[in-house]
Novice: 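Below is a structure I'd like to ask you about.
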Amino acid sequence: QVQLVESGGGLVQSGGSLRLSCAAQGTIFSTYAMGWYRQAPGNQRELVADITSGGSTNYRDSVKGRFTISRDNDKNTVYLQMTELKPEDTAVYYCNANFLPSFGVRYDYWGHGTQVTVSS
């Protein structure tokens, strides 16, 4: 069983910065792809950024140039560095870990989320 614990959320003004952390326990972290998702009230959960076990990254267009996802396999931790925050970034941010042991088989694990609120 994989457990994910997020931290680092909070209240910031527009233009400010936050760094989210997600610590993983219970599995070999280096074999998992990791991602950050977010969900605002009334909206669907959306992918913010993800990073493969090999370190390749992907971002949604609205955060490109502002957010950076990274991982430290020695610490079993994935990070999301957020800069130039905007009110529309306000959401609960969730950490995700996924593993594909074979073609067509995928395991997903989720943290409980951390609130990010950006005031104007």
Side-chain angles (χ1 to χ4, degrees):
Q1 188 64 242
V2 177
Q3 296 182 3
L4 304 174
V5 181
E6 303 103 330
S7 62
L11 305 172
V12 296
Q13 297 183 53
S14 180
S17 300
L18 284 173
R19 188 176 76 160
L20 306 183
S21 299
C22 173
Q25 297 179 328
T27 190
I28 302 175
F29 178 80
S30 62
T31 66
Y32 280 72
M34 304 294 296
W36 286 98
Y37 292 72
R38 66 187 182 188
Q39 186 170 21
N43 293 344
Q44 299 293 316
R45 185 173 298 187
E46 63 185 21
L47 173 69
V48 179
D50 56 24
I51 183 168
T52 69
S53 60
S56 297
T57 59
N58 177 65
Y59 303 88
R60 70 180 302 107
D61 287 343
S62 62
V63 308
K64 287 181 179 178
R66 299 189 297 120
F67 292 9
T68 302
I69 188 171
S70 61
R71 65 192 298 160
D72 186 336
N73 290 341
D74 291 336
K75 297 182 178 179
N76 288 357
T77 302
V78 63
Y79 305 94
L80 185 67
Q81 179 67 54
M82 305 183 293
T83 64
E84 301 176 37
L85 284 162
K86 305 175 181 179
E88 51 262 45
D89 295 319
T90 295
V92 177
Y93 283 69
Y94 297 91
C95 181
N96 168 264
N98 66 86
F99 177 56
L100 288 78
S102 62
F103 186 81
V105 180
R106 172 174 171 143
Y107 295 94
D108 278 282
Y109 303 91
W110 296 90
H112 291 101
T114 184
Q115 177 71 48
V116 172
T117 302
V118 185
S119 64
S120 59

Novice: Taking all non-hydrogen atoms of both residues into account, name the closest pair between Val78 and Cys95 and its distance.
Specialist: CG1-SG, 3.8 Å
Novice: Is there a side-chain contact between Phe99 and Val105 (heavy atoms, below 4.5 Å)?
Specialist: no
Novice: Determine whether a donor-acceptor pair (N or O, by modelled atom type, separation under 3.5 Å) exists between the side chain of Thr77 and the backbone of Ala23.
Specialist: no
Novice: To check you understand the geometry: which heavy-atom pair defines the closest contact between Cys22 and Leu4, and what is its length?
Specialist: SG-CB, 3.9 Å
Novice: A side-chain contact here means heavy atoms from C-beta on lying under 4.5 Å apart; do Arg38 and Val63 qualify?
Specialist: yes
Novice: If only atom types and distance count, is the side chain of Glu6 paired as donor or acceptor with the main-chain N or O of His112 below 3.5 Å?
Specialist: yes
Novice: State plainly whether one hydrophobic cluster holds both Leu20 and Val2, where clusters connect Ile, Leu, Val, Met, Phe, Trp and Tyr through side-chain heavy atoms under 4.5 angstrom apart.
Specialist: yes
Novice: Just how far is it from atom CG of Asp50 to atom CD1 of Ile69, taken to the nearest 0.5 Å?
Specialist: 6.5 Å
Novice: Is there a path from Tyr93 to Tyr109 through hydrophobic residues (I, L, V, M, F, W, Y) whose side chains come within less than 4.5 Å of each other?
Specialist: yes
Novice: Please say whether more than 12 non-hydrogen atoms of neighbouring residues, nucleotides or ligands are located less than 6.0 Å from CD in Glu46.
Specialist: yes
Novice: Examine the side chains of Gln81 and Thr83 and answer whether a donor and an acceptor come within less than 3.5 Å of each other.
Specialist: no
Novice: Quick test of your reading of the model: are Lys86 and Asp89 salt-bridged, counting only N-O distances below 4.0 Å?
Specialist: no
Novice: What's in the same ILVMFWY side-chain cluster as Val92, cut-off under 4.5 Å, chained through other members?
Specialist: Tyr37, Leu47, Tyr94, Trp110
Novice: Do Ile51 and Val48 belong together in a cluster built from hydrophobic side chains that touch within less than 4.5 Å?
Specialist: yes
Novice: Measure the CD-OG distance between Glu88 and Ser14 for me, rounded to the nearest 0.5 Å.
Specialist: 7.5 Å
Novice: Taking it one step at a time, do Trp36 and Phe67 satisfy side-chain contact (heavy atoms from CB on, under 4.5 Å)?
Specialist: CA-CA 11 Å; Trp36 286 98; Phe67 292 9; over 6 Å; no
Novice: When you measure from the side chain of Arg71 to the backbone of Thr52, do you find a donor-acceptor pair of N or O atoms at a distance under 3.5 Å?
Specialist: yes
Novice: In this structure, would Leu80 and Val5 fall into the same cluster of hydrophobic residues linked by side-chain contacts under 4.5 Å?
Specialist: no
Novice: Looking only at heavy atoms, what is the nearest atom pair of Ser30 and Ser53, with distance?
Specialist: O-CB, 3.1 Å
Novice: With heavy-atom distances below 4.5 Å as the criterion, would you say the side chains of Gln115 and Thr90 are in contact?
Specialist: yes
